[in-house]
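Indexing begins at 1, ligand by ligand and atom by atom, following the structure's order.
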Amino acid sequence: MIKATRPIFYFFVGALLFFFSGCQKTKTKQNRNMLQTNQEEVKYRPKLHFTPTKNWMNDPNGLFYLNGTYHLYFQHHPDSNVWGPMHWGHATSTDLIHWKEHSIALAPDRLGTIFSGSAVVDHQNTSGLGSLENTPIIAIYTNHDAEAAEQGSTTFQTQSIAYSLDEGYTWEKYSNNPVIKNPGIQDFRDPKVIWMESQKKWVLILAAGQETQFYSSKNLIDWNFESRFGEGVGNHEGVWECPDLFPMQIKETGQIKWVHLVSINPGGPNGGSATQYFIGDFDGKTFTLDPEFKSRIDEKHAYWVDFGRDNYAGVTFANWKDPEGNPLFIGWMSNWQYAPQVPTTGWRSTMTLPRILELVQTNNGPLLRSSLAPDFKSITAKKGTVPEMLLEEKKTVIPPGEIDLSAAQITIHLKELAPTRYTFQLSNSNGETLSFGYDHQKKTFFIDRSASGETRFSPVFAAQQSLAPRFRDDSTLTLKMVLDKTSIELFMDEGETVMTEIFFPQAPYEKVVVSADQKTVTKISAAYIEFKPQQE
Ligand code: FRU
């Protein structure tokens, strides 16, 4: 009896051991994954910028403001950390710093996946989809029929609408979608809708191949084609995407001009994705470029909202203007050249900080300027200044331990610039450095992230320096930067030139050193703020 049961006994013990060792292995693997996730969260999850809790994000969509809340929807693949069937994710904020993510707003349907688009607050219920008491929010987006695309159709992108009767938290798709059929243009997408008060009508701008097209409507449902824009104007190295259009008042003259944003990929001034802008007039039907502006657009260095490599598909908020009538803008802080490879695996990509755009008069005509929109007072932990000193060849502006550079704003003033190159360097004890600066001889700004940390995930990520022109002729320079764990947003000359770029150091940067290529009499001073946003 004993003899007979022994093999069975050994078999069970063996099986149990095998089972437990298997569990142990799975557990160890799980622990390792958790550890990795935690390390990634600590190392790379931005403190000041919106990122999705999990998985893939690209363009900002449907930005609108209502009753004290900013709504940000975004291109989202909720099941993977790379691009796939697009949904609209949703987040809200009351201060443009802290964001709360909500459930998916729009999911794919029989007409396709949900590509980029916009949202408007239909105060007068022109759509009839709500009531005067219960204002409908209308989202206008592109349905992308991937199957039709695969089968060789050219009409697989159409424009559809959805409405929300609870201020943007839940949505119903309109029963008679699409509202704009495809006229036979392969890339036909990213509708942005604005209300034109002077003509009491809605205007829709979308990207169609390498141009933009304008439509109008009284009810957001029936749309009439009005005109097209873009042939022979601006950059045409890639597909035009995510347009926007809004009136602005030139600060100095009070003159009203219309600004037309058009993202392009590839074709950006430093490679890959970027957003160009055009200044002109819009009569409700046609956008006419200012002749003066046209002559200023030189083929490659057209006018770019941001010359850095990581600000794409940016658009402005509906139902929001600052007291001067200026719009509020957010962009996607990445670049199609390497976005799917960036070394975060739990989530992929970040939005830029929200920015106010303004139009200013310069000797070269009107110029778009950007400034930071959030009021950082509530998260200011420490403030300080660096009194004016002679730069000579090199000075440490922020020594290690002074402030946490992974959530900070630093403003640096240089006076009596010499015809040489000034380099600002952020560095950590691993010897990783992010360098950026200004060459006063070439009147060019630059960012060099080749030694900034992890760069090998893409051959083009750090292959060359990014460059940007200086528009001012001035022997003083003010450069403001906002630093997060993985990004720098540089605003030069009060935001006349902007550069936004991402980076992935193995450890946080600890100090800021400024140097000049030759000994100068340049004077340097600085002011800094350390931020402590609330952690979830
Ligand atoms: C821009 C873009 C849009 C499109 C979306 C798809 O980054 O290509 O044109 O609607 O992304 O996710």
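Side chain to side chain, Ser217 and Asp222 fail the donor-acceptor criterion of an N or O pair below 3.5 Å. A side-chain N or O of Glu167 and one of Asn67 form a donor-acceptor pair less than 3.5 Å apart. For the residue pair Arg449/Thr455, the side-chain donor-acceptor check at 3.5 Å is not satisfied.
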Check the pair Tyr215 / Trp223 against ring-ring contact (aromatic ring centres under 6.0 Å, His included), numbers first and verdict last. CA-CA 6 Å; Tyr215 291 72; Trp223 293 95; 7.3 Å; no
Mind listing the N or O contacts between ligand 1 and protein, cut-off under 3.5 Å?
| residue | atom | partner | partner atom | Å |
| --- | --- | --- | --- | --- |
| ligand 1 | 7 (O) | Asp59 | OD1 | 2.7 |
| ligand 1 | 7 (O) | Asp59 | OD2 | 3.2 |
| ligand 1 | 7 (O) | Trp336 | NE1 | 2.8 |
| ligand 1 | 8 (O) | Glu241 | OE1 | 3.4 |
| ligand 1 | 8 (O) | Glu241 | OE2 | 2.9 |
| ligand 1 | 9 (O) | Arg189 | NE | 2.7 |
| ligand 1 | 9 (O) | Asp190 | OD1 | 3.4 |
| ligand 1 | 9 (O) | Asp190 | OD2 | 2.6 |
| ligand 1 | 9 (O) | Glu241 | OE2 | 3.1 |
| ligand 1 | 10 (O) | Ser116 | N | 3.1 |
| ligand 1 | 10 (O) | Asp190 | OD1 | 2.6 |
| ligand 1 | 11 (O) | Asn58 | ND2 | 3.2 |
| ligand 1 | 11 (O) | Asp59 | OD2 | 3.2 |
| ligand 1 | 12 (O) | Asn58 | ND2 | 3.1 |
| ligand 1 | 12 (O) | Gln75 | OE1 | 2.7 |
| ligand 1 | 12 (O) | Trp83 | NE1 | 2.9 |

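The six-membered or imidazole ring of Phe503 lies near that of Tyr509, with a centre-to-centre distance under 6.0 Å.
Every residue two or more places apart in sequence or in another chain that forms a side chain to side chain donor-acceptor pair (under 3.5 Å) with Glu197 is listed here: Trp195, Lys200.
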